[in-house]
Each structure stands twice: as structure tokens, then as C-alpha cells.
Amino acid sequence: MANVADIIIFGGQSNMEGQTEVLSECEVVEGAFEYKLIGDSLVPLKNPVGEDIRYDGLKGEPFMQDTDAGKWLADHVLGSACYGHTNMVPSFCRAYIKGRQTDVIAVHAAKGSTVIKNWLPDSDGYRALVTKAAAAIEKAKKQYEIGHIYFVWLHGESDAVFANSRENYKDSLRVLMGGLAAELGVEKFGIIRVGAFANDERDFEIIDAQDEICEEDERFLMLCREALTFNKMPEMMNPYVDGHYSARGLEELGRIAGGALGGFGRVC
């Protein structure tokens, strides 16, 4: 029998893209590979994670200290970890593999400063995400028997800033999951619950939406609720960019969430 691999797709905005203060570690995650759409390749998973892809489908430029943010956002549909620093995907996959004992193909498809409508079917973000994930699945099938296909979401800060409502955000999550299930075969939609960003009641419209959908719809799994707690812990926050987690913070969020998803299929 062929080796088995699970596909995990990571989506969201800047905290999922990765906007930390340092490259804290870059050890290869044993048993895990990252799919790169440009070049159609599987590479050993390690920090930094992701790839910069323009709206025209060409290879883009990484977001660095001297990057013009407005121009970068206008040009790119997907982004790698900013400054080449730490992202949560490696720590997530380490914890997942420990719980599941299977190989993992990680697909990173995130971009900062996005609202949820930028990821819904017929949007450029959705099409880029699906194109990359579908190519990863086809690539993986040449080497593995595919086990599970999961989607992991860390997103909602911008929707809080723009005062999106709890019900609208929940409805949008259902639409997104419907598309991912139909086009990619995603079985479960794992949520890393967002922390505070607007720092008022608007945050809780999104936080409550994420809690409620996991209670109401069995397709959604709550993987981690610690982000809000980390907002109050300086060591877990990027000291240079407000509202963003430090390398330590993202690694810990990834460890908790990856362990939760890794344990899900094994015990349920």
C-alpha cells in the first residue's frame, strides 16, 4: 500500500500569513512537506512558509521592511510569511503528526488585510486558494494515498474593524466551507479562534460567530481559543506590529491547534 498523507490547507489573513518579529527556528518538520504552486513541488516543511503569488499568477515579491504595503496588497493575491520570519504552520504540523502518525502535505494560502468576502467563491482569493490546493492534491496523489483533507482558518481581524456582524460572518463561513467541500473534498473546517484587534465589542461579533458555528455545524471544529488570552501577554505579541502575534505566540497557537486536529480523527 502506498504511504498515506493528509492534506492540510491553511487560510486566513496576516496572522496566518505570518507577521512575526523574528525567524525563531527553521528545522525541517519530519514527515511534513509544503506544496509550492510555482514550480509544482513538494519541499520539506520548515520556516519560512508560503509563497508570494501575484493576481496575474506570476511569482511575486516577499513583503519586507521597506515594502510599499499598499502596492504589495494591490499586486498580490497570496503571500508568504512577512520578512521571511516564523509562521505557525511548522509547529502546527509537528503537533498534528505526533497525534496522528501520518505524513502531512501543508498548503499555505493566506494574505494579510483581507476580509472574509475576499475568500468567498468567485473572489480572486478563493480561486487562488482552490487552484493551489487542487494542484497540491494532484501532486500528492502521485506519491501518496490521500487520507484526510482539512482546512484551517485564522481570520477575522479585518472583519471586526469593518464591523461585520456575527450572523453575516457565520453565513460567510458556511458558504466558504460549502465551496471547499465541493471543489476540494475538505472534510472539516478547523478554526483557530481570532483574538482582539478592534479592541471593542466588534471583536466579539467575530469571536462569537466562530464559537457558535462550531456548536451549530458539525463540519466546523474549534481547534484553539487561546489567541484572546495571548493578546494580554506581551511575550506572545509582536512588539513592533500591533495586533499580531510574536514568533513564540504563533508557534504556541500552532502547537495547540495542531494537537487538537491531530487528536480529532484518532479519538472521534
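For reference, positions follow the sequence shown, starting with 1.
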Are side-chain N/O atoms of Glu157 and Asn15 paired as donor and acceptor at under 3.5 Å?
-> yes
Examine the side chains of Asp40 and Tyr35 and answer whether a donor and an acceptor come within less than 3.5 Å of each other.
-> yes
Just checking, any donor-acceptor pair under 3.5 angstrom between side chains of Asp103 and Tyr144?
-> yes
Residue Tyr240 excluded, over 12 heavy atoms near OH under 6.0 Å | no
Is any NZ, NE, NH1 or NH2 atom of the basic residue among Asp124 and Arg127 found under 4.0 Å from an Asp or Glu carboxylate oxygen of the other?
-> no
Does Glu212 come within less than 4.0 Å of Arg166, counting only side-chain N to carboxylate O?
-> yes
In terms of side-chain heavy atoms, does Ser246 have a donor or acceptor partner in Thr20 at a distance below 3.5 Å?
-> no
Assess whether side-chain contact (heavy atoms from CB on, under 4.5 Å) is satisfied between Phe92 and Leu223, documenting all intermediate values.
-> CA-CA 11 Å; Phe92 185 108; Leu223 301 179; 4.3 Å; yes
Any side-chain heavy-atom pair from His244 and Met237 closer than 4.5 angstrom?
-> no
SB check Glu51 Lys59 (cutoff 4.0 Å) | no
Looking only at non-hydrogen atoms, find the nearest pair between Val49 and Glu34 and report the distance.
-> CG1-OE2, 3.6 Å
Are any of the side-chain nitrogens in Glu205 or Arg202 under 4.0 Å away from the carboxylate oxygens of its partner?
-> no
Could you tell me whether the side chain of Ile7 reaches within less than 4.5 Å of the side chain of Ile146, counting heavy atoms only?
-> yes
Answer with yes or no whether the hydrophobic clustering places Ile116 together with Phe204; edges join I, L, V, M, F, W, Y residues whose side-chain heavy atoms lie under 4.5 Å apart.
-> yes
Does Glu218 CD have over 12 foreign heavy atoms under 6.0 Å away?
-> no
With the side chain counted from C-beta on, respond yes when Asp211 and Arg225 share a heavy-atom pair under 4.5 Å apart, and no when they do not.
-> yes
How about Asn87 and His108: do any of their side-chain heavy atoms sit closer than 4.5 Å?
-> yes
May I ask you to check whether over 12 heavy atoms, not counting those of Asp122, lie within 6.0 Å of atom CG?
-> no
Could you state the interatomic distance from CZ (Phe197) to CG (Asp242), rounded to the nearest 0.5 Å?
-> 8.0 Å
Between Asn164 and Ile206, the two heavy atoms sitting closest are O-CD1, 4.0 Å
Begin with the C-alpha distance, continue with both residues' side-chain angles, and end with the deciding distance and a verdict on ring-ring contact (aromatic ring centres under 6.0 Å, His included) for Phe63 and Trp72.
-> CA-CA 7 Å; Phe63 192 97; Trp72 189 93; 5.8 Å; yes
Anything under 30° is parallel, anything over 60° is perpendicular, the rest tilted; go ahead and classify Tyr150 against Tyr96.
-> perpendicular
Go through the side-chain N and O atoms of Ser158 and Gln13 and say whether any donor and acceptor fall under 3.5 Å apart.
-> yes
Are side-chain heavy atoms of Glu21 and Tyr83 found at a separation under 4.5 Å?
-> no
At their closest point, which heavy atom of Leu261 faces which heavy atom of Leu221, and how far apart are they?
-> CD1-CD1, 4.0 Å
For residues Asn118 and Ser123, is any side-chain donor paired with an opposing acceptor at under 3.5 Å?
-> no
Verdict with reasoning, Gln210 to Met222, per side-chain contact (heavy atoms from CB on, under 4.5 Å) = CA-CA 8 Å; Gln210 294 179 346; Met222 179 56 67; 4.2 Å; yes
Is there a side-chain contact (heavy atoms from CB on, under 4.5 Å) between Arg174 and Met177 once you walk through the steps?
-> CA-CA 5 Å; Arg174 292 190 181 98; Met177 176 54 182; 5.8 Å; no
Are more than 12 heavy atoms from other residues, nucleotides or ligands located less than 6.0 Å from atom CD of Glu27?
-> no
Heavy-atom side-chain contact between Glu25 and Ser91 under 4.5 Å | no
Taking NZ, NE, NH1 and NH2 as the nitrogens, is one of them in Glu251 or Arg94 under 4.0 Å from a carboxylate oxygen of the other?
-> no
Leu73 and Leu78: same hydrophobic cluster, using ILVMFWY side-chain contacts below 4.5 Å?
-> no
Within a reach of under 6.0 Å around NZ of Lys139, are more than 12 heavy atoms found that belong to other residues, nucleotides or ligands?
-> yes
